[in-house]
Amino acid sequence: MTIKVAVAGATGYAGGELLRLLLGHPEVEIGALTAGSNAGTPLLAHHQNLTPLADRTVVETTTAHLAGHDVVFLALPHGHSAAVAAELGPDVLVVDAGADHRLIDPAEWTRFYGTEHAGTWPYGLPELPGQREVLAATRRIAVPGCYPTSVTLALLPALTGGLVTGRDVVAVAASGTSGAGKSLKSNLLGSEVMGSLSAYGVGGVHRHVPEMLQNFALLGAAEPTLSFTPVLAPMPRGILATVTAPLAEDVPVEVVRATYAAAYGEEPFVTLLPEGMWPQTQSIVGSNAVHLQVTVDAAAGRLVAVAALDNLTKGTAGGALQSMNLALGLPETLGLTTIGVAP
């Protein structure tokens, strides 16, 4: 089968990563490439790595340009996806890489994003229990945020296995600058970022906090709480998330590791590393892989889980493609790799 795919927001980082992966998908034909202010420019002016698309010009994001495709990926700024999706028919598979349709609670959306809630779509994180069946039966998918993907997968086996309750979770996650998008901001200039780490969105105000708490609740946490600190790291891409939580009871590290091994033993994109080996971002760059390690801080009575993933791949575009495959009845791993680029 040949799947005709359009990408709205094709000139941004997420759009470019989607195109890079779609070029390697054996069942895909790339159709319309759209953008806002960049409409009318050559795609190669924005993504010089995508030479197979050197003859393509970006067009305006309109219903007319997106019509006639089997799949439409929306890699648009937050708050822009709902209006575009509303104009697309119910038979079109729409995969939203933005935040518009991730949250269940309208009040939380308004609190963190400041606009009217656009509704909730099935969540594109196949590793959640039962989520593959949900994705296989939908034509609308909300791709998770990059931080929620890393933090949720770091804690998932502990929550479903009853090792932690979801209370007093602390997460510190360092991310590459591509997570902030392509907008010109002084704090993202090379001279500001190189050789420096900086925290931002501190004190529970980051927009991904309600999404992570929502996931914890879906995994069985009764009243989850989270202190989340994101850190801007001097690298283009990648996330290293360190997540800790109080153990529900005194559990030896062997039991914790066995719980994680059982949860992820059959997962195609999640790897529990050998004991004593800790995740590093250079090992997952350009791949859809998640590398995990877990241990117990016995003195503090806390579980410690560390996850590494590429924020543009598994954290955005790779997760979107993985979900697309499931929705279309294709092999989940088609067009995706677990092999990173290192050093």
Side-chain angles (χ1 to χ4, degrees), residues 1-5 7 14-30 49-50 52 70-73 75 93-97 121-146 148-150 152-154 156-157 160 215 237-239 260-274 279 281-293 307-342:
M1 61 184 295
T2 299
I3 305 156
K4 192 172 183 182
V5 174
V7 176
E17 185 72 353
L18 275 164
L19 290 171
R20 182 181 75 87
L21 297 176
L22 289 167
L23 283 168
H25 195 293
E27 305 293 342
V28 162
E29 174 192 341
I30 297 175
N49 60 314
L50 303 180
D70 302 304
V71 181
V72 175
F73 288 99
L93 174 58
V94 184
V95 185
D96 185 9
W121 290 359
Y123 196 62
L125 189 60
E127 291 80 7
L128 292 178
Q131 201 63 14
R132 287 183 170 90
E133 291 75 16
V134 173
L135 294 172
T138 187
R139 283 296 177 267
R140 296 290 186 271
I141 296 172
V143 179
C146 53
T149 297
S150 61
T152 300
L153 293 179
L156 184 155
T160 58
N215 290 348
R237 55 203 291 167
I239 288 178
Y260 273 69
Y264 288 136
E266 301 299 321
E267 284 296 338
F269 295 112
V270 184
T271 297
L272 178 65
L273 296 175
T281 56
Q282 71 167 353
S283 298
I284 47 76
V285 170
S287 79
N288 204 50
V290 181
H291 287 184
L292 276 173
Q293 185 56 277
L309 57 78
D310 188 323
N311 58 293
L312 289 180
T313 315
K314 178 57 175 168
T316 307
L321 199 64
Q322 184 182 351
S323 297
M324 178 201 80
N325 285 338
L326 288 166
L328 296 178
L330 298 171
E332 184 176 344
T333 59
L334 202 60
L336 297 166
T337 181
T338 58
I339 302 170
V341 179

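The figures here come from the full heavy-atom set of this structure, side chains too, leaving out hydrogens, waters and symmetry mates. For reference, positions follow the sequence shown, starting with 1.
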Practice task
Could you check if a side-chain atom of V7 sits within less than 4.5 angstrom of a side-chain atom of I30, using non-hydrogen atoms only?
Solution key: no
Completion exercise
Rounded to the nearest 0.5 Å, the CG atom of L125 sits from the CG atom of L156 at a distance of 8.0 Å
Problem - Spacing of H291 atom NE2 and T271 atom OG1 [to the nearest 0.5 Å] - result: 5.0 Å
Exercise for the section: Please step through side chain to side chain contact (heavy atoms under 4.5 Å, CB included) for the pair L330 and I3, ending with a clear verdict. Expected result: CA-CA 11 Å; L330 298 171; I3 305 156; 3.5 Å; yes
Problem - Non-hydrogen atoms of E332 and N325 that approach each other most closely - result: O-ND2, 3.1 Å
Problem - Where L309 and C146 come nearest, the two heavy atoms and their spacing - result: CD1-O, 4.4 Å
Exercise for the section: Using a 4.5 Å cut-off on heavy atoms from C-beta on, say whether the side chain of T313 contacts that of R237. Expected result: yes
Practice task
Could you tell me which non-hydrogen atom of Q293 sits nearest to which non-hydrogen atom of L273, and how far apart they are?
Solution key: NE2-O, 3.4 Å
Problem - Heavy-atom closest contact (Y123 atom, P148 atom, distance) - result: OH-CB, 4.0 Å
Handout entry: salt bridge (charged side-chain N to carboxylate O under 4.0 Å, His left out) involving E27 - partner list, sequence neighbours excluded
Key = none
Exercise for the section: Could you check if a side-chain atom of V290 sits within less than 4.5 angstrom of a side-chain atom of F269, using non-hydrogen atoms only? Expected result: no
Practice task
For E29, check side-chain contact (heavy atoms from CB on, under 4.5 Å) against everything at least two apart and list the hits.
Solution key: T2, K4
Handout entry: Residues which pass side chain to side chain donor-acceptor pair (under 3.5 Å) with D70, listed by chain and number, not counting sequence neighbours
Key = none
Problem - Heavy-atom closest contact (V28 atom, V5 atom, distance) - result: CG1-CG2, 3.9 Å
Exercise for the section: Find the distance between CG (L135) and CH2 (W121) and round it off to the nearest 0.5 Å. Expected result: 13.0 Å
Problem - Partner residues of R20 under the salt bridge (charged side-chain N to carboxylate O under 4.0 Å, His left out) criterion, sequence neighbours left out - result: E17
Handout entry: Note, N288 side chain near L321 side chain (heavy atom, < 4.5 Å)
Key = no
Problem - Side chain to side chain, T160 and P129, heavy atoms closer than 4.5 Å - result: yes
Practice task
Look at the side chain of Y260 and the backbone N and O of A154, then say whether any donor-acceptor pair between them is shorter than 3.5 Å.
Solution key: yes
Practice task
Would you check if K314 and T149 make a side-chain contact, meaning some heavy-atom pair closer than 4.5 Å?
Solution key: yes
Problem - CG on L22 to CE on M324, rounded to 0.5 Å - result: 6.5 Å
Would you give me the side-chain donor-acceptor pairs under 3.5 Å for residues 333-342, sequence neighbours excluded?
unit_1 : atom_1 : unit_2 : atom_2 : d
T337   : OG1    : I339   : N      : 3.0

Problem - Distance (rounded to the nearest 0.5 Å) between D310 CG and S283 OG - result: 12.0 Å
Fill in the blank from the handout: Residues P122 and V134: closest non-hydrogen pair is CB-CG1, 3.8 Å
Problem - Residues that N311 engages under side chain to side chain donor-acceptor pair (under 3.5 Å), provided they are two or more places apart - result: S178
Exercise for the section: With rounding to the nearest 0.5 Å, note down the distance linking CG in L93 to OG1 in T138. Expected result: 7.5 Å
